[in-house]
Asks: 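Quick one: the structure is below, questions incoming.
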Amino acid sequence: VHSNVVSTQTAHALYGGVVPELASREHQLHIVPVVDTALKEAGISKKELQAIAFTRGPGLLGSLIVGVTFAKSLALSLDIPLIDVHHMHAHVLAHFAKDPKPKFPFLCMTVSGGHTQIIKVNSALDMEVMGETLDDAAGEAFDKTGKMLGLPYPAGPLIDQYAQKGKTKYKFPKSQVKGLDFSFSGLKTAVMYFLKRETNANPQFIQEEMPHICASIQSTIVETLLEKLSMAVESTGIKQIAIAGGVAANSGLRDGLFEMATEQKLEAFIPEFEYCRDNAAMIGITAHFKYLENKFCGQDVSAEARMPF
Ligand code: KG4
Ligand code: ZN
């Protein structure tokens, strides 16, 4: 990885979540400076580029269109091939940014604000989804329950910070979905009723109990995630487990993953945070594998908000 420039949009914090229209406008503003900075940091000129890779989907259509259009124009003007990348494949392949790298096959649980999936990774370009969320993503579960606690968006990192100072004093129900799929909407409702009841009795409840409430929410989410990952290990016999996506930064999940690895004699992998959250390096790494197999796309390619895995 020669450079990995991230432009974080702060405009959404005011609204308690990502506003799609604002996101695409911010993309338009930042895409040229970000590409220029990336080239400068890498010490590479545009003429040296061998291909242009971009995220085709899934995601917010407006933002994807900005990236796809820009990538197509750049590839056309430089007369080099285009490589379309699936966002969720890229989260998995972020594990190849640096050593230690997992060997194939491995199981990767991708946990972000938009996705929660358990993926069986047979090779760089051959992966299958074993389980996924039926409603909210793990990151959303953090962000939405955090919002109920009055925490700003994204609440995940803040819940994590409070949780480290608290105890799992309260019990929230875990989803009863069978198999390897997830559901987090029940937790949201349970937390809402719990807070309503407790703040009726004591209006200062949230302020007084914040670390314990956060620790309890976090452990519910983490236990749910790890139980399913454990089931996937059991059903496949695969001994290498990995996590990726923004929620992989969560201290409870990281500790829990390594504990699980020790207990079950598995090998655990977590990329550095810079490669866990949404980033360009993971798109480039995926493109590298596709380039080796001559998997390019044409100028007729378009963005896909919902893209099959
Ligand atoms: O992968 P990502 O950067 O963007 C996408 O959603 O694709 O993930 C962002 C998500 C947000 O929901 C954020 O709250 C969550 O990752 N997150 C965390 C932590 N850091 C980021 N959730 C829990 N604990 C954290 N430390
Ligand atoms: Zn992502």
Side-chain angles (χ1 to χ4, degrees), residues 4-10 12-13 15-20 23 26-27 54-60 63-64 67 85-95 97 108-117 119 132-133 135-149 151-166 182 184 187-188 211 213-226 242-257 270-286 305-307 309:
N4 190 23
V5 180
V6 174
S7 161
T8 303
Q9 302 187 359
T10 50
H12 309 283
Y15 304 92
V18 173
V19 183
E26 290 272 311
H27 264 334
F54 63 94
T55 307
R56 180 170 173 187
L60 293 175
S63 300
L64 291 169
V85 172
H86 190 295
H87 183 74
M88 299 313 291
H89 289 181
H91 269 303
V92 172
L93 296 176
H95 283 94
C108 183
M109 186 163 66
T110 39
V111 276
S112 73
H115 293 271
T116 301
Q117 294 182 320
I119 297 163
E132 61 190 331
T133 184
D135 40 54
D136 291 346
E140 254 180 309
F142 276 105
D143 297 337
K144 289 181 177 170
T145 51
K147 194 174 177 184
M148 294 175 201
L149 294 168
L151 299 174
Y153 175 86
L158 296 166
I159 292 192
D160 191 2
Q161 281 170 25
Y162 278 113
Q164 292 177 48
K165 292 178 259 164
F182 301 89
F184 289 106
L187 172 66
K188 212 170 45 184
I213 305 170
C214 289
S216 307
I217 292 173
Q218 178 162 307
S219 79
T220 309
I221 298 172
V222 169
E223 279 171 27
T224 305
L225 291 171
L226 293 178
I243 53 173
V247 183
N250 185 266
S251 64
L253 182 59
R254 299 172 80 91
D255 294 349
L257 187 83
I270 311 177
E272 281 171 23
F273 183 58
E274 144 173 42
Y275 305 114
C276 273
R277 62 176 177 166
D278 285 351
N279 67 90
M282 68 183 194
I283 307 299
I285 293 165
T286 309
R306 291 170 185 274
M307 190 172 167
F309 193 79

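All residue numbers refer to positions in the sequence shown, counting from 1. In listed order, ligands and their atoms are each counted from 1.
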Asks: When you compare ligand 1 with N250, is there at least one nitrogen or oxygen pair between them that comes in under 3.5 angstrom?
Replies: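 Yes.
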Asks: Taking the minimum heavy-atom distance to atom 1 (O) of ligand 1, which of S251, A137, G246 ranks first?
Replies: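 Ranked by closest heavy atom to atom 1 (O) of ligand 1, first place is G246.
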Asks: Determine whether any heavy atom of Q218 lies closer than 4.0 Å to an atom of ligand 1.
Replies: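 Q218: no contact with ligand 1 (<4.0 Å).
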Asks: State whether the shortest distance between N or O atoms of F142 and N or O atoms of ligand 1 falls below 3.5 angstrom.
Replies: no
Asks: Just the protein N/O/S atoms under 2.8 Å from the Zn ion (ligand 2), please, no waters.
Replies: H87 NE2, H91 NE2, D278 OD1
Asks: Using the six-membered ring wherever Trp is involved, compare the ring planes of H91 and H87 and label them parallel, tilted or perpendicular (cut-offs 30° and 60°).
Replies: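 H91 and H87: perpendicular rings.
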Asks: Which residues pass the side chain to side chain contact (heavy atoms under 4.5 Å, CB included) test with T10, not counting sequence neighbours?
Replies: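 So T10 forms no side chain to side chain contact (heavy atoms under 4.5 Å, CB included) with any residue.
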Asks: Indicate yes or no: does an N/O atom of D143 lie under 3.5 Å from an N/O atom of ligand 1?
Replies: yes
Asks: My understanding is that we take every heavy atom of each candidate and find the minimum distance to atom 15 (C) of ligand 1. Doing that for D278, V247, V222, which one comes out nearest?
Replies: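 Among D278, V247, V222, the closest heavy atom to atom 15 (C) of ligand 1 belongs to V247.
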Asks: What heavy-atom pair brings F184 and D135 nearest, and what distance separates the two atoms?
Replies: N-OD1, 2.7 Å
Asks: Check each of G113, A141, C276, G17 against atom 9 (C) of ligand 1 and report the one with the nearest heavy atom.
Replies: G113
Asks: Kindly give the heavy-atom pair with the smallest separation between D160 and A249, and that separation in Å.
Replies: OD2-O, 3.7 Å
